[in-house]
Amino acid sequence: MKKYNIERNIKFAVLSDEAIEQINKASLTIMEQLGMKISGERTLKLLHENGCYTDENGITRISRDLVRKALETVPKEVIIYDRNKNPHMILNSKNNLYFGTHADQLEILDIETDSVRPFLKKDTELMCKIAQNLKNIDFVLSVGLSSDVDPKVQSVISFIETLKYFEKPINFSTNDIDTIQEIIDIAALVAGGKEVLQEKPFIFNYCEPIPPLTHPAESTEKLYLSAINKIPVVYMPYCMMGGTAPMNMATTLAQCYSEILTGIVVTQLINPGAPFIIGAMPSIFDMKTSIGSYAAPEFHLMIAAASEMADYYNLPFYGTAACSDSKSLDAQAFAEVSMQVFSTFLSKANVVHDVGIMDHCNSVSPVMVVIADEIIEAAKHYARGIKVDDATLNLDLISRVGHGGHYLNEKETFKKFKQVWYPSLFSRRMKNPDQSEVHSIAKEWINKIMENHPGSTLDAAILEKLDEIQQKYMDSVK
């Protein structure tokens with residue numbers, strides 16, 4: 001098992017206990033009195049069978065009693081394995097914290113030119129090999145966005161490419177409902193059967209409602225297929241203040257959680273005990289540019305608050321960090337990534353996506369993923385805090401060294417100096433060069449990975465079968 005129980009001993013809270021209770025009550029009131037617009041025939045049937053009523057306007061109201069029952073059956077811990085059936089991410093409301101990047105994206109910052117270009121199928125191998133070899137990157141998102149693959153088969157093709165080159169957990173997503181079961185079946189093939197995949201899932205699904213207060217058939221069907229297959233699912237409303245949510249953080253959080261709790265109710269009605277991960281993206285709608293910001297301070301403040309709400313329900317939380325609204329690797333990008341990582345470590349998030357995402361989620365930067373790994377490693381040391389007790393307050397040592405002495409020859413120095421963080425990319429040399437070498441060092445590391453990393457580590461027979469499936473899909477759109 002990966003030993004990654006991060007010590008987060010710094011005391012920090014956005015919301016008071018009273019504020020958390022108020023937001024919870026407001027969320028339940030929204031569900032009971034305002035209701036949700038829910039689509040999907042079999043989901044609505046389940047809701048009606050359990051006491052919900054849909055009015056003539058298509059609005060379904062959900063009682064707080066139904067929420068209470070759902071919170072009783074939803075698992076408080078979700079374990080996601082790697083491809084080799086080893087526990088890799090233990091998701092709960094405790095200290096565990098994991099970060100992930102993308103296996104594909106609309107665009108990519110080319111590592112040679114530093115300029116944006118369309119993301120290609122071959123780039124998935126690059127992103128997966130980078131993520132596989134970074135110790136602070138624990139999963140990748142496979143969404144299906146390669147520009148040189150027909151959109152009708154992108155999700156499946158990208159997922160297969162990710163399977164080939166990545167052994168850690170895969171967070172998959174698709175806009176095509178019919179594709180979800182096919183992706184799960186392909187994962188089962190690699191796992192050794194559906195029962196094995198259910199017992200030790202190395203994949204988890206990502207889906208969203210549509211704020212405000214709307215759960216289309218595509219969303220409820222994704223929840224349905226995840227629940228019946230016992231595949232962990234993230235349900236993540238993207239609420240933009242001033243656009244798809246009120247221009248008020250407290251009310252936005254209440255709306256966001258009314259949508260999340262609806263997702264929990266649906267999954268637990270489908271299959272009590274189905275694994276569920278709370279996600280929340282309460283950001284802003286930038287009135288100057290009309291974009292949904294991925295780096296606004298309000299966004300990451302509300303993410304921290306949303307993680308505290310998840311902790312209130314004793315459920316794992318899926319956050320967002322180490323991304324930027326900038327298009328290039330400039331000062332803005334590094335400032336935004338650093339602030340978000342720091343905020344995440346102070347929060348109660350458990351699994352965090354979008355590392356290295358740029359230009360408000362239009363592109364991904366392989367170099368930024370490598371640099372973010374360094375920033376995450378530094379933040380781990382900060383988050384440990386300072387332990388103060390009789391053992392750590394060693395006044396005898398000060399007395400022994402005396403006035404004007406030094407501690408270089410002390411046994412404690414030799415024993416503990418490696419507990420300090422020593423950077424791999426950042427420089428602390430006595431004499432630094434005139435220009436930063438961080439970019440070039442990160443690029444050299446990536447190039448070495450691509451030169452020395454083996455091809456797919458999958459069993460040859462499985463790989464052959466995946467190639468056949470992939471070819472079938474490619475041929476279907478010729």
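Between His439 and Phe334, the ring center distance clears the sub-6.0 Å criterion.
The salt bridge (charged side-chain N to carboxylate O under 4.0 Å, His left out) search around Lys122 returns none, not counting sequence neighbours. In terms of the side-chain contact (heavy atoms from CB on, under 4.5 Å) criterion, residue partners of Ala333 (sequence neighbours excluded) are, by chain and number, Ser324, Ser326, Asp330, Met358, Met368. In terms of the salt bridge (charged side-chain N to carboxylate O under 4.0 Å, His left out) criterion, Glu308 has no residue partners (sequence neighbours excluded).
Ring geometry for Phe417 against Tyr422 counts as perpendicular: the plane angle is over 60°, on a 0 to 90° scale with 30° as the lower cut.
Put simply, the residue from Asn175, Leu225, Leu223, Val234 that forms a side-chain contact (heavy atoms from CB on, under 4.5 Å) with Cys207 is Leu223. Exactly one residue among Lys69, Arg68, Lys76 makes a salt bridge (Lys or Arg N to Asp or Glu O under 4.0 Å) with Glu72. That residue is Arg68.
A donor and an acceptor atom, one from each side chain of Tyr318 and Asn171, are located under 3.5 Å apart.
In plain terms, the two heavy atoms of Leu213 and Ser258 that are nearest each other are CD2-OG, 3.6 Å.
Looking at Asp123 and Arg117, a side-chain N of the basic residue comes within less than 4.0 Å of a carboxylate O on the acidic one, giving a salt bridge.
The salt bridge (Lys or Arg N to Asp or Glu O under 4.0 Å) analysis of residues 433-450, with sequence neighbours excluded, yields the pairs Asp114-Lys443, Arg429-Glu437. Counting only residues at least two apart or on different chains, the side chain to side chain donor-acceptor pair (under 3.5 Å) pairs with a member in residues 268-288 are Thr73-Gln268, Asp286-Thr289. For residues 242-255, the pairs satisfying side chain to side chain donor-acceptor pair (under 3.5 Å) are Asn248-Thr251, Gln255-Glu259, with sequence neighbours left out.
A cation-pi contact, defined as under 6.0 Å to the ring centre and within 45° of the axis, links Arg42 to Tyr224.
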